[in-house]
K.L.:
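Take a look at the following structure, please.
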Amino acid sequence: MKDRYDFHVDRVRYLDDHGVPLDTLPDLANHHDRLLAAYANMVLTRTFDNKVIALQRTGQCGTYPSVLGHEVIGTVIGQCMAKSDVLVPYYRDQAAQIQRGVTLTELLLYWGGDERGSAWAHCPQDLPIAVPIATQCCHAVGVASAMRIREQHRAVVCCLGDGASSKGDFLESVNLAGAWHLPVVFVASNNQWAISTPRSLQSGAETIAQKAISGGLPGHVVDGNDYFALTEVLTQALERARAGKGGAVIEAETYRLGDHTTADDATRYRSAEELKRAWEREGVKRMQNYLHQAGLWNAEKEQKLQSECKGFVETAVKAYLASEPEPPTAMMDFLFETLPAALQGQRERLAEKYRQGGVS
Amino acid sequence: MKDRYDFHVDRVRYLDDHGVPLDTLPDLANHHDRLLAAYANMVLTRTFDNKVIALQRTGQCGTYPSVLGHEVIGTVIGQCMAKSDVLVPYYRDQAAQIQRGVTLTELLLYWGGDERGSAWAHCPQDLPIAVPIATQCCHAVGVASAMRIREQHRAVVCCLGDGASSKGDFLESVNLAGAWHLPVVFVASNNQWAISTPRSLQSGAETIAQKAISGGLPGHVVDGNDYFALTEVLTQALERARAGKGGAVIEAETYRLGDHTTADDATRYRSAEELKRAWEREGVKRMQNYLHQAGLWNAEKEQKLQSECKGFVETAVKAYLASEPEPPTAMMDFLFETLPAALQGQRERLAEKYRQGGVS
Amino acid sequence: MSDVTLVEAVNMALAWEMAHDEDVVVLGEDVATNGGVFRATVGLKDRFGYKRVMDTPLAENLIAGTAVGMAVQGLKPVAEFQFMGFIYAGMDQIICHAARMRNRTRGRLHCPLVYRAPFGGGIHAPEHHSESTEALFAHIPGLRVVIPSSPQRAYGLLLASIRDPDPVIFLEPKRIYRAVTQAVDDNGEALPLDTCFTLREGDDVTLISWGASIMETLEAAVRLAEQGVSAEVIDVASISPLDRETLLCSVAKTGRAVIVHEACRNGGVGAEIAASLAEAAFLDLQAPIVRVTGYDTVMPYYRNEQAYLPQVADILHAVEQVIAL
Amino acid sequence: MSDVTLVEAVNMALAWEMAHDEDVVVLGEDVATNGGVFRATVGLKDRFGYKRVMDTPLAENLIAGTAVGMAVQGLKPVAEFQFMGFIYAGMDQIICHAARMRNRTRGRLHCPLVYRAPFGGGIHAPEHHSESTEALFAHIPGLRVVIPSSPQRAYGLLLASIRDPDPVIFLEPKRIYRAVTQAVDDNGEALPLDTCFTLREGDDVTLISWGASIMETLEAAVRLAEQGVSAEVIDVASISPLDRETLLCSVAKTGRAVIVHEACRNGGVGAEIAASLAEAAFLDLQAPIVRVTGYDTVMPYYRNEQAYLPQVADILHAVEQVIAL
Ligand SMILES: Cc1ncc(C[n+]2csc(CCOP(=O)(O)OP(=O)(O)O)c2C)c(N)n1
Ligand SMILES: Cc1ncc(C[n+]2csc(CCOP(=O)(O)OP(=O)(O)O)c2C)c(N)n1
Ligand SMILES: [Mg+2]
Ligand SMILES: [Mg+2]
């Protein structure tokens with residue numbers, strides 16, 4: 001009988017705050033196309049993000065959560081996942097979703113108040129955004145269970161925030177993942193804030209990663225602005241998962257550089273000082289620096305990329321702004337596979353009302 | 001910046017399976033009265049338990065969860081708590097409740113389907129049993145918050161089972177206890193089974209105690225049939241809590257020696273072999289052995305104690321069996337402090353119906 | 001064709017469907033080795049293996065949400081809540097996800113799942129083991145709420161619920177789990193959802209009920225017949241979506257209705273039925289619609305639970321009222 | 001006496017009661033430093049300290065249950081759910097514990113707490129930010145469900161709710177958080193619970209509503225007056241326990257009733273009101289009671305949310321129907 005049980009979580013980092021390698025980089029560093037594709041996705045995501053905020057400010061889009069500070073995490077997730085894996089995103093995973101095949105127009109429709117924004121054609125098995133925080137964690141273990149039952153070599157990536165890590169859904173799911181050896185990797189983006197609640201009030205735990213221990217999973221802390229570190233840790237976790245060796249929890253440390261959403265004003269609760277320090281460590285610039293140092297990037301390429309991204313975004317925005325809303329009757333057409341008799345009268349009245357152009 | 005975070009939980013034991021000290025015992029061993037009182041409470045609890053099961057088998061009591069195998073844990077909790085602390089029990093804490101001042105008759109009323117069984121006179125602040133598993137953990141942190149807000153030097157003991165440790169209520173509460181430094185000690189009685197679900201299916205975690213780590217609390221594994229070990233660990237945890245140094249999770253290892261409840265038949269899902277092994281390590285006999293070895297006990301004392309306990313139980317059973325059920329209108333009298341006008345009609349009809357002796 | 005109880009019929013339906021559709025899986029607390037605390041899933045694990053019949057850790061929110069994740073992958077999970085009193089921890093997942101996944105994704109993903117739970121009082125159980133809160137689920141768009149009241153309907157409606165491509169809350173009246181046996185043909189034939197069942201035809205008054213209260217309602221109809229009153233008895237069965245047509249036709253004929261349910265009155269499903277009928281059958285009604293229900297209070301522990309439950313005499317009393325008018 | 005909005009009135013009531021009763025504490029997500037996402041708790045932390053105004057970790061079940069634990073110790077917690085759409089994770093604690101603690105312990109312990117949540121649609125918010133599921137709570141014995149529809153009633157009813165020794169679900173219609181300002185005297189005077197408020201007297205038809213829909217209902221009454229129809233407008237305010245007396249008296253007078261609510265129709269609170277009135281006012285009713293409600297589906301995202309919400313024209317249309325009869 002033991003008289004002590006030891007546990008640990010590791011912390012992995014390859015780049016310093018400015019993109020200078022702290023150590024020999026993994027082989028990944030030689031895959032130049034992959035590095036460049038990653039950087040391109042980060043820039044596209046940031047360009048898109050800026051645009052959506054502008055649309056929201058001018059009344060052309062709904063409340064929107066900026067991805068600023070999360071571009072590296074999402075990009076790495078998108079790159080590491082196999083097509084046949086399933087992404088269970090949270091609402092700050094635009095960078096991952098774009099790579100999974102969600103179109104910018106779909107993202108705009110979603111945040112613009114249109115359900116068709118979740119009817120993704122290109123990643124039909126990925127889960128839509130679950131607005132109630134952390135609830136998606138249970139879906140993730142359900143999807144992973146289905147994979148296990150069917151003996152498939154697939155894995156699930158389940159995303160969440162630091163705030164979400166306090167909620168039972170996450171903790172219960174981590175426990176199930178451990179008990180059933182499920183192929184699911186939880187990626188907790190610790191951006192230090194849950195709206196106005198700082199990480200220190202969210203939990204007395206030193207790390208989010210250590211919550212893995214409560215379910216018997218391995219836990220890892222990673223610098224989430226370090227493309228190499230996160231890619232390495234996530235790749236290994238996914239390989240283990242697909243090979244039937246169980247799941248993991250990865251805490252990706254970053255900082256929410258924007259307001260919580262366009263409805264928030266972060267200056268109410270956090271200091272300019274803190275924000276400034278976080279900008280010095282942010283991941284897109286860091287990746288750019290790295291590419292520069294590695295001789296893979298220059299100002300000209302940057303300009304070309306920037307203008308390409310602007311172009312993509314403009315096209316998507318046009319399509320979004322040109323889209324007609326669904327007819328009101330759509331609200332009843334997707335509730336059940338077949339409209340129950342009990343609801344036919346209501347649907348008819350709704351249709352009638354709007355045939356006449358609405359009554360009010 | 002660290003590249004590794006280490007955690008551990010310790011495991012404490014003083015007695016071997018037969019009550020022989022493995023090491024020098026703590027000072028507690030010299031407090032003979034306390035040891036004898038503890039043993040007496042264990043025997044009373046077991047005597048009571050046997051009787052309730054017999055009552056249930058003869059239709060004189062409702063479904064009942066036997067405390068068999070949990071007597072030491074409850075007794076230690078009862079002894080270590082100060083009067084001004086608050087107990088948040090679960091349904092297998094009869095041994096603790098008896099020491100807190102819940103009368104045997106009250107316990108019988110409760111399990112006999114009578115709400116007055118929770119209207120305890122002697123421990124008016126202790127929480128009643130929360131039937132939905134683990135939900136009491138949230139109450140415990142609420143009570144502990146009240147103590148902290150009021151700057152009182154009191155603590156809460158919150159009890160639960162191994163099954164309950166999988167539920168969000170527990171995990172969320174552990175997290176709050178850590179975040180707010182609350183004076184609450186969770187005692188998880190790991191009796192290896194949650195009805196038919198074995199510990200191994202309940203969680204992939206090696207211990208229940210390590211769930212403490214997810215909230216940044218200290219975790220301890222203790223042999224729950226070892227009076228000395230549990231008393232020491234719980235006493236220290238409560239002292240820390242009362243001194244404002246935060247909470248803890250204690251996993252008390254034991255075995256559920258009976259069926260889950262009188263409605264269960266454990267032979268369906270566990271082996272006679274396993275049960276036999278567990279009986280060899282059980283705590284009441286172990287305590288008795290210890291007392292014998294220490295020269296504090298003999299057959300005569302044992303006989304006297306047994307017959308005293310039988311007497312107490314008989315008296316309580318008589319009072320219980322002689323009790324009249326509440327009038328049916330009681331069902332409306334404690335819903336709100338004052339019966340709302342909207343319910344007066346219903347209460348009158350109910351009263352009327354039973355004035356006539358019921359209508360069916 | 002064998003005589004089975006309601007709970008055996010549940011087990012038969014599960015076994016049939018698991019044998020014929022390998023996407024059907026069962027999960028819940030104690031459903032595998034133990035076969036469920038009411039034995040509803042007994043034998044399934046031995047027959048279909050632990051992969052398809054899964055004991056979960058103790059966490060209802062997790063059970064509800066895991067089923068959603070399984071379902072969007074095309075499995076057809078049948079998840080058990082051990083008692084309806086423990087379903088509330090799962091409501092977030094049920095309301096926010098199971099009921100909405102199809103609508104949210106415009107049909108891209110959907111949830112062909114069943115949440116089973118024994119419900120209702122009268123079995124001398126502890127607190128929280130006697131719930132009848134079907135109204136909470138009936139109010140949630142996107143959910144079907146189905147309640148069988150006989151072995152045959154348990155078999156046929158459970159098959160229909162599993163096959164239905166959308167989420168179904170399937171509530172089993174545990175007071176009558178073993179109250180009656182009935183010949184049920186284990187032929188895989190489902191009964192229709194969204195439809196009431198007229199159990200007894202009559203002209204003078206319509207008695208509307210579901211679940212275990214069907215027993216007292218039928219008994220009341222027998223006693224009324226002895227008194228020369230011809231009562232139609234309708235088992236609503238599909239609480240939501242509600243088959244108002246059948247109810248309306250009956251009330252149009254009888255002009256009188258009494259609704260019987262175990263749940264408390266305020267905001268119970270009886271309210272929706274009464275409101276719908278009172279609106280649509282306004283000119284047909286010859287007396288107010290009366291509800292015979294539980295009281296608007298917490299169901300008492302078992303010493304007093306009978307005082308809470310609607311009794312045959314309560315139904316007779318209500319019928320007297322509406323007939324006298 | 002100053003002109004305030006509904007949300008400012010909420011803040012005023014909280015501040016008043018915290019200043020006068022040190023047992024009152026506030027907890028929830030972002031309620032302290034940030035003052036709540038709608039600013040309902042702004043300034044409280046600075047005034048009363050972090051000990052009494054607490055930002056919790058993100059866990060609604062925990063918030064609901066922690067409040068229970070605080071309340072049994074004699075504190076009077078006012079716990080905020082950031083949006084009603086996130087209350088479901090807390091339902092287990094609300095239904096099983098807050099609502100039952102007094103009854104369970106025969107009065108030994110009780111829960112003098114308030115659960116606040118902004119509710120209702122129409123503010124262009126994302127999914128799950130537009131819920132109106134008051135019916136779920138109204139069906140639970142042991143809970144009060146209170147909904148203010150003006151700054152004055154927000155102030156007076158919130159004070160009453162905090163002082164009430166039993167649990168109250170206090171739902172704030174966020175669509176009208178800032179729609180109107182009204183002079184509210186910050187004098188600590190509570191309004192009565194369990195009572196409807198008659199906002200406008202009339203003889204021809206009774207319009208019954210609550211929450212944000214009161215705005216459209218009042219507007220409809222104005223338009224009806226222009227057409228010579230005299231409508232009585234009643235704000236139910238206390239959804240449960242329900243003041244049926246006031247409603248009945250009005251309907252006895254007018255003979256006609258239209259109920260307006262934003263929640264979906266099936267099993268909404270309108271059903272209980274209609275059923276109760278149709279039963280008790282059977283002989284007084286000159287037309288069926290009509291419900292003007294949301295549709296029985298998930299509230300659409302914001303591009304189509306207006307199509308879901310009851311409009312003035314819908315109310316007028318319903319009144320035409322019942323008056324024509
Ligand atoms: C269950 C639930 N409660 C509250 C909210 C409101 N809310 C939206 S985001 C958020 C904070 C989430 O913080 P975190 O998990 O750290 O993610 P981040 O926004 O920082 O990326 C809250 C409280 C919600 N959506 N769901
Ligand atoms: C939320 C909830 N789910 C299910 C049940 C039914 N149930 C009662 S006891 C029990 C097992 C509890 O196991 P554990 O926590 O290990 O405690 P033990 O009975 O072993 O002492 C279950 C599933 C319940 N009471 N509450
Ligand atoms: Mg965050
Ligand atoms: Mg156990």
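So you know, we letter chains A, B, ... as the sequences are listed, proteins then strands, and number each from 1.
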K.L.:
By a 4.5 Å heavy-atom criterion (distance strictly below it), what part of B:L343 contacts chain D: side chain, backbone, both, or neither?
P.N.:
neither
K.L.:
Output the residues of residues 80-88 of chain B for which the shortest heavy-atom distance to chain D is under 4.5 Å, in residue-number order; output 'none' if no such residue exists.
P.N.:
B:V86
K.L.:
For D:R244, is it the side chain, the backbone, both or neither that has a heavy atom under 4.5 Å from a heavy atom of chain B?
P.N.:
side chain
K.L.:
Test of understanding: with side chain to side chain donor-acceptor pair (under 3.5 Å), list the residues that count as partners of D:K253, not counting sequence neighbours.
P.N.:
D:E232
K.L.:
Report the relative orientation of the aromatic rings in D:H20 and D:W16; use parallel for angles under 30°, tilted for 30 to 60°, perpendicular for over 60°.
P.N.:
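Judged by the thresholds at 30° and 60°, the geometry between D:H20 and D:W16 is parallel.
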K.L.:
Here's a test for you: under side chain to side chain contact (heavy atoms under 4.5 Å, CB included), which of D:L27, D:V168, D:L14, D:V25 qualifies with D:V78?
P.N.:
D:L14
K.L.:
Could you tell me how the ring of D:Y115 sits relative to the ring of D:F81: parallel (under 30°), tilted (30 to 60°) or perpendicular (over 60°)?
P.N.:
tilted
K.L.:
Using non-hydrogen atoms only, which part of D:S240 is less than 4.5 Å away from chain B: side chain, backbone, both, or neither?
P.N.:
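Neither part.
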K.L.:
Ignoring hydrogens and geometry beyond distance, is a side-chain donor-acceptor pair present between D:T133 and D:Y88 at under 3.5 Å?
P.N.:
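Short answer, yes.
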K.L.:
Given a strict heavy-atom distance threshold of 4.5 Å, which part of D:D164 is in contact with chain B: side chain, backbone, both, or neither?
P.N.:
neither
K.L.:
Which answer fits D:L109, side chain, backbone, both or neither, if we ask what part of it has an atom under 4.5 Å from a heavy atom of chain B?
P.N.:
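Side chain of D:L109 only, per the 4.5 Å heavy-atom cut-off to chain B.
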K.L.:
Tell me whether D:R116 contacts the main-chain N or O of D:F170 through its side chain, where contact means a donor paired with an acceptor under 3.5 Å.
P.N.:
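No.
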K.L.:
Using heavy-atom distances under 4.5 Å, tell me whether D:Q93 contacts chain B through its side chain, its backbone, both, or neither.
P.N.:
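Just the side chain, heavy atoms under 4.5 Å.
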K.L.:
Considering only heavy atoms, which portion of D:L143 lies under 4.5 Å from any heavy atom of chain B: side chain, backbone, both, or neither?
P.N.:
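Answer is backbone: N, CA, C or O of D:L143 sit under 4.5 Å from chain B.
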K.L.:
Looking at side-chain heavy atoms only, is the closest gap between B:Y91 and B:T261 below 4.5 Å?
P.N.:
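No, side chains not in contact.
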K.L.:
Pick one of side chain, backbone, both or neither for B:M331, based on which atoms fall under 4.5 Å of a heavy atom in chain D.
P.N.:
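For B:M331, the contact with chain D is made by the backbone alone.
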K.L.:
Please classify the contact of D:P141 with chain B as side chain, backbone, both or neither, using a heavy-atom distance under 4.5 Å.
P.N.:
both
K.L.:
Would D:E17 and D:R163 pass as an ion pair if we require N to O under 4.0 Å?
P.N.:
yes
K.L.:
By a 4.5 Å heavy-atom criterion (distance strictly below it), what part of B:D169 contacts chain D: side chain, backbone, both, or neither?
P.N.:
both
K.L.:
Do you know which of D:H97, D:H110, D:R106, D:E245 has the most heavy-atom pairs with chain B at a distance under 4.5 angstrom?
P.N.:
D:R106
K.L.:
Against chain B, label D:N103 side chain, backbone, both or neither, depending on which of its atoms sit under 4.5 Å from a heavy atom there.
P.N.:
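Both backbone and side chain of D:N103 come within 4.5 Å of chain B.
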K.L.:
What residues of residues 141-151 of chain B sit under 4.5 Å from chain D when only non-hydrogen atoms are counted?
P.N.:
B:V141, B:G142, B:V143, B:S145, B:A146, B:R148, B:I149, B:R150, B:E151
K.L.:
Identify which part of B:W120 has an atom lying under 4.5 Å from any heavy atom of chain D, answering side chain, backbone, both or neither.
P.N.:
both
K.L.:
The criterion is salt bridge (charged side-chain N to carboxylate O under 4.0 Å, His left out); which residues satisfy it with D:D46, sequence neighbours excluded?
P.N.:
none
K.L.:
Checking heavy atoms, do the side chain of B:A140, its backbone, both or neither come under 4.5 Å from chain D?
P.N.:
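Neither part.
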K.L.:
Contact part of D:D194 toward chain B, heavy-atom cut-off under 4.5 Å: side chain, backbone, both or neither?
P.N.:
side chain
